[in-house]
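What follows is one structure encoded as structure tokens, with my remarks underneath.
Indexing begins at 1, ligand by ligand and atom by atom, following the structure's order.
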Amino acid sequence: MNITIIHGSPKGNNSITKKHTDYLIECIPNHNYTEFYVGKEIKKLENDASYFNAMIKTIHESDIIIWSFPVYYYMVPSQLKRFVELVYKKNCVYAFKGKYSTSISTSGNFFDHAAHNYMNAVCNDWDMNYIEGFPAEMLDLLKEEKRNNFMGFMEYFLYISEKKLPISKSFAPLLSNNFNYIPEPQINTKIVLDKKIVLLTDATPYDLNINNMIKTFNSCFGNIIDVINLHTVNIKGGCLGCGHCLSDGKCVYKDGFEALFYEKINTADVLIFAGTMKDRYLSATWKTFFDRNFFNGHRPVLNDKYLGFIISGPLKQNSNLRQILEGTCQIWKTPILDIITDEFNNSYELTKEIEAFAEKISKTLEINWQRSDSFLGVGGHKVFRDLVFSKKSIMKADHEYYKSHEYYDFPH
Ligand SMILES: Cc1cc2nc3c(=O)[nH]c(=O)nc-3n(C[C@H](O)[C@H](O)[C@H](O)COP(=O)(O)O)c2cc1C
């Protein structure tokens, strides 16, 4: 069979995840494998149409597509997310239709299920036959039992694909309500907070609803809200996964990201993230923002700030994304304020929702309470705690932080 492997890791040939697919090719060599390095070559794919088209042609002629990616911030890396957007933008979904597909990931098994759900949902949207993937731990391949199990999975996947067994979809298509939000001329709420609110957005001039929701949110407050558009920040690219930051907390990029983080985000009391859903997540621009936060490792450095979301898109139909946002807040220890969306049928109701959001923020800050962590935060903390402790010689900055903040709360 013709098998195309799409690598999402920005590390290209040095990707740990690719070691799994290398092993597959070594153990089952009697197929025709082609590999693409989307994570490493995303800029080329974006700018070189003939290269992109050649890739799409190979995919179109394949029997099987295997997605290989590291889990980055509850999801696939920003570069792979961007590739999904390019497939839509260039009308190339047809090339994927009907193919048998699965995902292989490596990670610390933290929120890998959410990344797999994302890829599963995208493949469902593209009418592919998606078989639930294989979320390995990053060092699994070193263990014989895990290697054998991985080959068992591949044998199973290839059998189903070759026999073209029917596969049912896990995710229903997203329905959009095509509602255009027009802000009310008169806003009744006028809240004055002695706190700094920073609103981060990726809105372009075409994102009418989110721009108008931000406008209404702004008019609810008597004080000035610092609105920062991610497109105006000099962010040179997505996280490279190089791991240099693990020892000293410094990113190898020399661009505007650290200034954004230290001067704007870290000085805020309240953070609002606003954006429009693109396919099954937010935009690749938002994903780049989250991934680039990795220079803070596994340290919840924003832990004295509240965080809320304003989202345009059918979030009520996308529980995976909602869980990612809630998980982010619990792991960052930035108590969640609320998630406001434009899933309304008239502008008046949405304006009232945003006004109420502003009032809820004010009351939350006054009482200074926070939601209790659920499994997302409690379980996530334990996974991170054990990960940092077991890799303390590499994750030096995390280890120092965890020691000094008494995060090593192992049971005795
Ligand atoms: C930006 C970034 C974000 C990450 N986020 C997660 C995560 O959410 N969950 C997790 O288990 N591991 C996370 N990791 C760890 C990687 O998934 C893991 O190191 C993976 O094996 C790297 O694979 P690769 O070498 O193929 O790129 C993250 C690593 C980076 C650099």
Side-chain angles (χ1 to χ4, degrees), residues 5-24 35-42 66-82 103-119 133-142 146 150 235 237-247 249-253 257 261 281 284 286-300 320-321 323-332 376-377 379-388 390-391 394-395 397-398:
I5 303 173
I6 300 180
H7 294 290
S9 173
K11 285 154 67 183
N13 228 357
N14 295 324
S15 151
I16 293 174
T17 322
K18 182 177 147 52
K19 303 287 172 272
H20 272 83
T21 56
D22 288 351
Y23 188 64
L24 159 71
E35 297 181 75
F36 288 102
Y37 298 88
V38 160
K40 196 174 168 74
E41 297 188 330
I42 191 62
I66 296 177
W67 304 94
S68 139
F69 56 84
V71 178
Y72 274 15
Y73 269 91
Y74 316 68
M75 251 289 282
V76 303
S78 63
Q79 295 88 343
L80 179 53
K81 171 68 175 72
R82 182 61 190 146
S103 297
I104 298 161
S105 71
T106 63
S107 71
N109 291 131
F110 168 80
F111 266 87
D112 45 359
H113 68 288
H116 280 255
N117 280 342
Y118 171 78
M119 232 39 251
F134 195 84
E137 206 275 342
M138 54 187 112
L139 298 181
D140 273 359
L141 215 53
L142 298 175
K146 299 281 180 183
F150 172 58
I235 300 175
C239 176
L240 301 170
C242 64
H244 277 90
C245 56
L246 291 173
S247 56
K250 291 204 170 61
C251 183
V252 291
Y253 272 114
F257 192 84
F261 184 83
Y281 184 78
W286 262 117
K287 189 65 190 27
T288 303
F289 169 84
F290 283 115
D291 289 358
R292 287 291 304 276
N293 272 282
F294 193 71
F295 75 97
N296 290 310
H298 305 84
R299 307 181 290 285
N320 195 50
L321 176 54
Q323 195 182 81
I324 289 173
L325 302 179
E326 287 171 352
T328 301
C329 290
Q330 292 193 23
I331 288 300
W332 276 3
L376 306 179
H381 163 71
K382 289 180 183 185
V383 172
F384 274 4
R385 179 194 67 189
D386 293 3
L387 178 79
V388 172
S390 64
K391 298 200 170 29
I394 307 165
M395 299 179 175
D398 284 344

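Residue N109 places a heavy atom under 4.0 Å from ligand 1. Proximity of F111 to ligand 1 is not established, as no heavy-atom distance is less than 4.0 Å.
On a distance-only criterion, S9 and ligand 1 share at least one N/O pair closer than 3.5 Å. In terms of N/O distances under 3.5 Å, ligand 1 is approached by G108. Looking at F294 next to ligand 1, no N or O pair under 3.5 Å apart turns up. Remark: ligand 1 and Y74 share an N or O pair separated by less than 3.5 Å (distance only, no angle test). Distances between N or O atoms of K11 and those of ligand 1 include at least one value under 3.5 Å. Residue-to-ligand polar distances keep P70 apart from ligand 1: every N/O pair is separated by 3.5 Å or more. Where the criterion is an N or O separation shorter than 3.5 Å, residue side chain and backbone included, C239 fails it with respect to ligand 1.
Taking CG from L141 and OG1 from T106, the interatomic distance works out to 9.5 Å, rounded to the nearest 0.5 Å. Rounding to the nearest 0.5 Å places OG of S103 at 12.5 Å from CZ of F134.
In this structure, atom 28 (C) of ligand 1 lies nearest to the protein heavy atom V71 O, 3.4 Å. The single protein non-hydrogen atom nearest to atom 20 (C) of ligand 1 is T106 OG1, 3.4 Å, given as residue, atom name and distance. Scanning the protein heavy atoms around atom 19 (O) of ligand 1, the nearest turns out to be M138 SD, 3.7 Å. Of the protein's non-hydrogen atoms, the one nearest atom 5 (N) of ligand 1 is Y73 N, 2.9 Å. When only non-hydrogen protein atoms are considered, atom 9 (N) of ligand 1 lies nearest to F110 O, 2.8 Å. The shortest contact between atom 18 (C) of ligand 1 and any protein heavy atom is with S107 CA, 3.9 Å. The protein non-hydrogen atom at the shortest distance from atom 30 (C) of ligand 1 is Y72 CE1, 3.4 Å.
The number of heavy-atom neighbours closer than 6.0 Å to NZ of K391, taken from other residues, nucleotides and ligands shown, is above 12.
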Pair K18-E35, salt bridge (Lys or Arg N to Asp or Glu O under 4.0 Å): steps then yes or no: CA-CA 10 Å; K18 182 177 147 52; E35 297 181 75; 3.2 Å; yes
Stepwise side chain to side chain donor-acceptor pair (under 3.5 Å) test for H20 and S68: CA-CA 9 Å; H20 272 83; S68 139; over 6 Å; no
Stepwise side chain to side chain donor-acceptor pair (under 3.5 Å) check, Y72 with K287: CA-CA 9 Å; Y72 274 15; K287 189 65 190 27; over 6 Å; no
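Close approach to S15 involves these atoms of ligand 1, each under 4.0 Å from a residue heavy atom: 24 (P), 25 (O), 26 (O). Interface of D291 with ligand 1, defined as ligand atoms under 4.0 Å from a residue heavy atom, comprises 1 (C).
In this pair, F261 and F257 present their aromatic rings parallel. The plane angle is below 30°, not in the 30 to 60° band. Using a 30° and 60° split on the angle between ring planes, H7 and Y37 fall in the parallel class, below 30°.
Remark: side-chain polar atoms of Q79 are not paired, donor with acceptor, to backbone N or O of T288 under 3.5 angstrom. Under the 3.5 Å distance criterion, the side-chain polar atoms of R82 are left unmatched by any main-chain donor or acceptor of P77. Judged by distance alone, with hydrogens and angles left aside, the side-chain atoms of D291 form a donor-acceptor pair with the main-chain N or O of S78 at under 3.5 Å.
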